[in-house]
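For ligands, and for the atoms within them, numbers begin at 1 and follow the listed sequence. Quick caveat: nothing in here was measured; it's all calculated off a predicted structure. Reckoned from all heavy atoms, side chains included, excluding hydrogens, waters and symmetry mates.
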Amino acid sequence: MSAVIQQQEHKQPRYDRLGNLAMVMPLPQDDSQDELQHALRLSGILQTTLDVSQLIDIFAHEIIRLVDYQSISYTQDELGIKHSIGNSAAHSCTYRLVVSGETLGELVISRRKKFTKAETTLIETLLCGLVYPLRNALLYKKAVEAAHKDPLTGVNNRASMDEVIDREVNLAIRHKTQLSLLAMDIDHFKKINDNYGHAVGDCVIKAVAEAAKTAIRSSDMVFRYGGEEFLILLSNTDRDGATLLAERLRQKIEETCIICDGTHVSTTVSIGVTCTQRDSETRESLFARADAALYEAKSGGRNCCRYQAAAE
Ligand SMILES: Nc1nc2c(ncn2[C@@H]2O[C@H](COP(=O)(O)OP(=O)(O)OP(=O)(O)O)[C@@H](O)[C@H]2O)c(=O)[nH]1
């Protein structure tokens, strides 16, 4: 196994106090104008997208003409971004990208041959062309995520459900697969608020969301649809699969001891289940059946799951 040699570790590009691009990195006396031109040109090309992965792809594609490398990988932990191009090699330069005190992530460039001083200087100058477009792309990604996420639980919000449901129903009809919908509601949640206070109520909502997130596959989606109501969309899942998952989730929540600021709380949920059955299926028909099934579960004593099929 070959050792990875950190040729530059956690090297941060420097900026003047105004964040002036031309002043970002100290340029060598020779060829400095050329390098600056490359960075400015690169920056212009990179301004054309707000997609982080695409940005790294363009950066990688552009710099290969100037610096030979085997791989480039970019990681941004906060947004869970990991994007790699090529296979990593023995020698690497690692850069922690920082703008105005804000960390944008880490970029690693590697190759079999050691990088020369002139090459690392060039890479650092080129990175100046990347950081501002990258910061804009990350800000955009954060804003888009915030618009689609419920701030309390981190799961998708109602607006997000409204955006995806039609597409998912249409896909299921077109591909003749089954889409299942679970409507899950916390039982007697008002009592939890009344007995323990809203902070504990919020903590219970978070715990239920977490249980739902961990119970589903990565292709499935959880949405907080109302105060203590969640919708779960299961693609490629038929009645048997959906009722099995619903029952497993119900049991898991029943068995979980939720600890909120030292207070131990237990709770249960009722779940209504339905799935797409015919080509005329719409979001309205699916929602109506999931709702009716949830109502049946509530009136059937709560802490249970019910399935509602489409009328013949
Ligand atoms: N803590 C907290 N409470 C919320 C939130 N959203 C809604 N609620 C409360 O959730 C409660 C829901 O009460 P109900 O609709 O009567 O339902 P329930 O008590 O769960 O009764 P069943 O659904 O019939 O089992 C209300 O008291 C709302 O104020 C929230 O974000 N946080």
Chemist: Got the closest protein heavy atom to atom 13 (O) of ligand 1, with its distance?
Modeler: Lys190 CB, 3.8 Å
Chemist: Give yes if a backbone or side-chain nitrogen or oxygen of Phe189 is under 3.5 Å from a nitrogen or oxygen of ligand 1, and no if not.
Modeler: yes
Chemist: Write out the residue and atom name of the closest protein heavy atom to atom 29 (O) of ligand 1, then the distance separating them to 0.1 Å.
Modeler: Asn193 ND2, 4.3 Å
Chemist: Of the non-hydrogen atoms in Ala209 and Phe230, which two are nearest, and what is the gap between them?
Modeler: CB-CE2, 3.7 Å
Chemist: At a 4.0 Å threshold, what atoms of ligand 1 neighbour a non-hydrogen atom of His188?
Modeler: 18 (P), 19 (O), 20 (O), 21 (O), 22 (P), 25 (O)
Chemist: When only distance counts, is Arg302 in polar contact with ligand 1, meaning an N/O pair under 3.5 Å?
Modeler: yes
Chemist: Which of the atoms in ligand 1, numbered in the order shown and given with their element, are less than 4.0 Å from a heavy-atom of Asp187?
Modeler: 20 (O), 25 (O)
Chemist: Report yes if some heavy atom in the side chain of Ile232 is under 4.5 Å from a heavy atom in the side chain of Ile216; otherwise report no.
Modeler: yes
Chemist: Which is it for Ile186 and ligand 1 at heavy atoms under 4.0 Å: side chain, backbone, both or neither?
Modeler: backbone
Chemist: Can a salt bridge be assigned to the pair Arg289 and Glu281 using a cut-off of 4.0 Å between side-chain N and carboxylate O?
Modeler: yes
Chemist: Minimum distance, heavy atoms only, to atom 31 (O) of ligand 1: which one of Arg224, Lys298, Glu229, His198 is it?
Modeler: Arg224
Chemist: How far apart are the C-alpha atoms of Ile109 and Ile123, what are their side-chain angles, what is the distance that settles it, and do they pass the side chain to side chain contact (heavy atoms under 4.5 Å, CB included) test?
Modeler: CA-CA 9 Å; Ile109 304 180; Ile123 292 172; 3.6 Å; yes
Chemist: Enumerate the atoms of ligand 1 whose separation from the nearest heavy atom of Glu228 is less than 4.0 angstrom.
Modeler: 10 (O), 12 (C), 17 (O), 20 (O)
Chemist: Between Arg250 and Glu254, does at least one N-O distance fall below 4.0 Å, as a salt bridge requires?
Modeler: yes
Chemist: One thing to verify: whether Arg283 and Asp162 come together as a salt bridge, which I'm taking to mean a side-chain N less than 4.0 angstrom from a carboxylate O.
Modeler: yes
Chemist: May I ask you to decide if Ser180's main-chain N or O and Thr237's side chain share a donor-acceptor pair within less than 3.5 Å?
Modeler: no
Chemist: Within the supplied structure, the quantity of interest is the number of heavy atoms (other residues, nucleotides, ligands) at a distance under 6.0 Å from Lys142 NZ; does it exceed 12?
Modeler: yes
Chemist: Would you mind running through ligand 1 and noting each atom that sits below 4.0 Å from a heavy atom of Gly227?
Modeler: 6 (N), 7 (C)
Chemist: With nothing but distance in play, are any N or O atoms of Lys191 less than 3.5 Å from an N or O of ligand 1?
Modeler: no
Chemist: To which protein heavy atom is atom 32 (N) of ligand 1 closest, and what is the distance rounded to 0.1 Å?
Modeler: Asp202 OD1, 2.6 Å
Chemist: Which atom names give the shortest non-hydrogen contact between Ala89 and Ser71, and what distance separates them?
Modeler: N-OG, 4.5 Å
Chemist: Should you measure from each heavy atom of Gly201, which atoms of ligand 1 turn up under 4.0 Å away?
Modeler: 1 (N)
